Protein chains: 2
Amino acid sequence: MNIKDVAALAGVSPATVSRCLNNTGPLNEVTRARIEKVVELTGYDVNQAFKQVDWNHNPTIGVMIPSLLNPVFSEIVSGIQKRARHFGYSVIVVDTQYERSLEKQAIIDLIRQRVAGVILTTASVEDNEALSLLREFNFPFCLVHNQSSDEPCVYVDNYQAGSEVAEQFLALEHKRIGMVAGRFQSSDRAKQRYLGFTECLKKDSSLSSVQLVEVDQYALTPFDQTQSSLFDSSSAPTAWFCSNDLLALKLVNHLKTKGVLVPETVSVVGFDGMALGQILYPPLATIQVPHHDMGLCAVDLLFNAKHKSALSLARKLDYQTHFVGTVAECQPSIMRNVL
Amino acid sequence: MNIKDVAALAGVSPATVSRCLNNTGPLNEVTRARIEKVVELTGYDVNQAFKQVDWNHNPTIGVMIPSLLNPVFSEIVSGIQKRARHFGYSVIVVDTQYERSLEKQAIIDLIRQRVAGVILTTASVEDNEALSLLREFNFPFCLVHNQSSDEPCVYVDNYQAGSEVAEQFLALEHKRIGMVAGRFQSSDRAKQRYLGFTECLKKDSSLSSVQLVEVDQYALTPFDQTQSSLFDSSSAPTAWFCSNDLLALKLVNHLKTKGVLVPETVSVVGFDGMALGQILYPPLATIQVPHHDMGLCAVDLLFNAKHKSALSLARKLDYQTHFVGTVAECQPSIMRNVL
DNA sequence: TTGTAGGCGTTATCAT
DNA sequence: ATGATAACGCCTACAA
C-alpha cells in the first residue's frame, strides 16, 4: 500500500494525498475527509524509507560531557533533558571519560547524527579540535562550564567564587591555608578558582603562601604518600579549599582517618554543591553551583544561537551560586551568560 | 552535481556510482578508482534529502530511566554508553522523573526516533503500558533492575541480597532490627529486599518483628516527626537496613544529629554501593551492585534479543554483588541474567 | 561485473 | 482556490 494506491482509492492524485498528510497547501474539506477515510481503512502508513528527511529539523540535541559518573554532569544533563523535552527535543549523550583525544570524534559522531545542535563541556577551550570543528561548520553549540567571549556559553564566575572562599577563610582568621585541585590542564575552571582564591588571600600580608596540591582529580583512590604528608604535618594548613566536592570529601575522609576533626580543627570547603554533600552530617561546606539550571539555560542559549528568542527565558531564571554548609553563608557569585 | 553527472563523467551508470559510494555489491578496481577520482575532483556529495534512510540500522539505543540525578542510574547509563559506543551505537536518554505516567509517552518518543532498541527501568513491570507497547510492536528491549521471566533483563537477586544483610545482623547479634524503604509501589525491588530480609530473620525466633519505615524515597528532605520517633526511641532498633544508599545516608545523618554513633552504637546498611559512599569516613556499609556492568550487560542482551550472539559476552563478565564497608564482607549474591 | 528500469514521497509548476 | 503532473536523486531487484 503506497501513496498512489491511496490516491486511487480516494479518487485523487498522489500529490493531494501528500498535501493532506502533511498539512501543506490548501485542501477541500470533502476531499480531505475522503482521503482520511481511505487512510484509516487501509491502515496506510507513509514509507519512511522514501520520505525526504527534513534534516533541518531533527529535534535532537547532542550533549558531550567528560563523565556521567560525576554528579555535576548528570545534574547538567538532567536539566538539559528536561528543557529539551519541553521543546519536543530528544537528547543524545556522549561522555569522553575525561579523554581529550576522544572529544573530536565524539563531536563528529554527533554531527553525523544530524543533531540540531551541541551542548558541551570540554577539558579546555584552548587549541580545541572539537570546538574548531563546530566553528568551521558553523554548527550551533553552547558551552557549559567553559568560557568564550563571543559564543554561547553558561558558566559560573570561578575566579569570583574562589575569592569568596578566601574571604571566608580570612574572616575565620585562618593563618595557614591550602588548596587541593585537579590538574589545571584538564580543567581550566579549577585554575580560575585557584587564581581568584590566591589573589584575594594576598590582602592579608601576614599569610604565608598558599599550599597547592594538584592531584589526579577523578581517581577515587586515596592520596599518595607525598600528598598525605602535606595534609598531616604539624604545620599543615588549617583551611583547605578543594576545587570540587569529590576532592573535598576525599580530604575530609583522609583527615578523619588521621583523627583530625572537621570542621572543628580544620576547615574544608568544596565546590559544586552536589546534593549528596548536604545529606551528610555535618554537611559539606561548598560553593553551590546550580548545575541543573545551567543545563536548562544551555538549551535556551543553544536555541537562541539559531533564532534569537530564548534570551528572556534565561533572564527569568534566577541563576546564582551561593555558599551552603558548615562554614558560612556568603554573597552569591553570579553566573554569567554570554549571548 | 548529482549522481547522474558523476556517472556520466566516469563513464558508468548511476547504479555503479551508488554501489561504489555505499560499498554495496562487487566493483572493478579500475572502475572504482575512476569514480573516486571524479567524486574528488567535482567535490560531489550525495544529496542527503533523497537518500533512502536505512531505518533498520539507525545505530542508536534508547534509554529510559527514572532519574539521572540518582547515581545508580547515571552509572547504568554510563555503562550503556560505553558498550554502545564500542558497537558504534549512540545513546538517547530520557528520564521520567519517577513519574509512571510519563513512561508511555517516553517510549513512544523513542520508537518514533527509530532507535534500534530500548533499555529501560520502570517503576514496576505490573500493568505497565510502556512495556505493553514494546511487546505489542515486538520492539527489541532489555529491562534493567526489573525482572521478567522470558524477556531480556538484567537484575540482582534482591531477595537473596536482603537475606544476606539479615545474616550479617544476626551474626552481630542484634536483637532489635528495622528496615527503611521507599514505597514498595514505586519500586518492586525494595519489596524483594524486604521480603528476603524478613524471611531470613525468622531464623531467630527470639527477635521481635521487624520495624518497617516506608518513606518517600526520593525526597532529600529530613524525616518527618512520626518517622523520627521510630529512630529515636529508647527501644529503637540497633540495626537498620535501608533499601538504598541515599536513604542510608539520610538515616546516618539523622542519627548523628541526635548524637548516636554509627556504626559503634547502631548499624546502618544501605543498598547500591554508590561510589560516593566509599569516600566517606567511615565508609557506608552497603550491598555493592555493579551498576556500570549491568549497563554493559544490558546492551549485550539487547543485541542478543535481535541476533543471538552476545550471550558469551555476558558470561565472560564477572557480574556479582558483594558487601563492602564497615559491617563485613559477605558471600556475594549473584546477579542473574535472563536471556 | 555492470546496466536498466521501476519505485518512493515531496514539491514546483501548470491547468482549471 | 483546488487538483493534476512531472521532475527530483537515490536505491535496488533483475537482467545481461
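Computed from a predicted structure; not experimentally measured. Residue numbers begin at 1 in each chain, while the letters A, B, ... track the order of the sequences.
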Could you tell me which residues satisfy salt bridge (charged side-chain N to carboxylate O under 4.0 Å, His left out) with B:E129, sequence neighbours excluded, listed by chain and number?
B:K104
Interatomic distance where CE belongs to A:M1 and P belongs to C:dG9 [whole Å]:
11 Å
Can you measure A:K4 atom NZ to C:dG7 atom P for me and round it to whole angstrom units?
6 Å
Considering residues at least two apart in sequence or located in another chain, which fulfil the side chain to side chain donor-acceptor pair (under 3.5 Å) criterion with B:N23?
B:R32
Under the side-chain contact (heavy atoms from CB on, under 4.5 Å) rule, what do B:Q147 and B:R189 come out as? Steps first, then yes or no, please.
CA-CA 9 Å; B:Q147 239 168 297; B:R189 288 87 74 191; over 6 Å; no
It should be established whether A:Y44 places a side-chain nitrogen or oxygen under 4.0 Å from OP1 or OP2 of nucleotide C:dG9.
yes
Give every donor-acceptor pair under 3.5 Å between a side-chain atom in residues 35-44 of chain A and any protein atom, sequence neighbours left out.
residue: A:T42; atom: OG1; partner: A:V38; partner atom: O; Å: 2.8
residue: A:T42; atom: OG1; partner: A:V39; partner atom: O; Å: 3.4
residue: A:T42; atom: OG1; partner: A:Y44; partner atom: N; Å: 3.3

Distance check needed: C:dT1 P versus B:N23 CG, whole Å only.
14 Å
Short side-chain donor-acceptor distance under 3.5 Å, A:Q113 and A:D109:
no
Paired with B:N146, the side-chain contact (heavy atoms from CB on, under 4.5 Å) test is passed by just one of B:T122, B:V154, B:L120, namely B:T122
Taking the six-membered ring for Trp, are A:Y98 and A:F73 parallel (under 30°), tilted (30 to 60°) or perpendicular (over 60°)?
perpendicular
Who pairs with B:T121 by side chain to side chain donor-acceptor pair (under 3.5 Å), at least two apart in sequence or on another chain?
none
Where chain B begins and ends its contact with DNA chain D, read 5' to 3' at 4.0 Å from heavy atoms:
D:dC8 to D:dT12
Please list, for nucleotides 10-16 of chain C, all pairs of protein and nucleotide N/O atoms separated by less than 3.5 Å.
residue: C:dT10; atom: OP1; partner: A:N22; partner atom: OD1; Å: 3.3
residue: C:dT10; atom: OP1; partner: A:N22; partner atom: ND2; Å: 3.0
residue: C:dT10; atom: OP2; partner: A:S18; partner atom: OG; Å: 2.9
residue: C:dT10; atom: OP2; partner: A:N22; partner atom: ND2; Å: 3.3
residue: C:dT10; atom: O4'; partner: A:Q52; partner atom: OE1; Å: 3.1

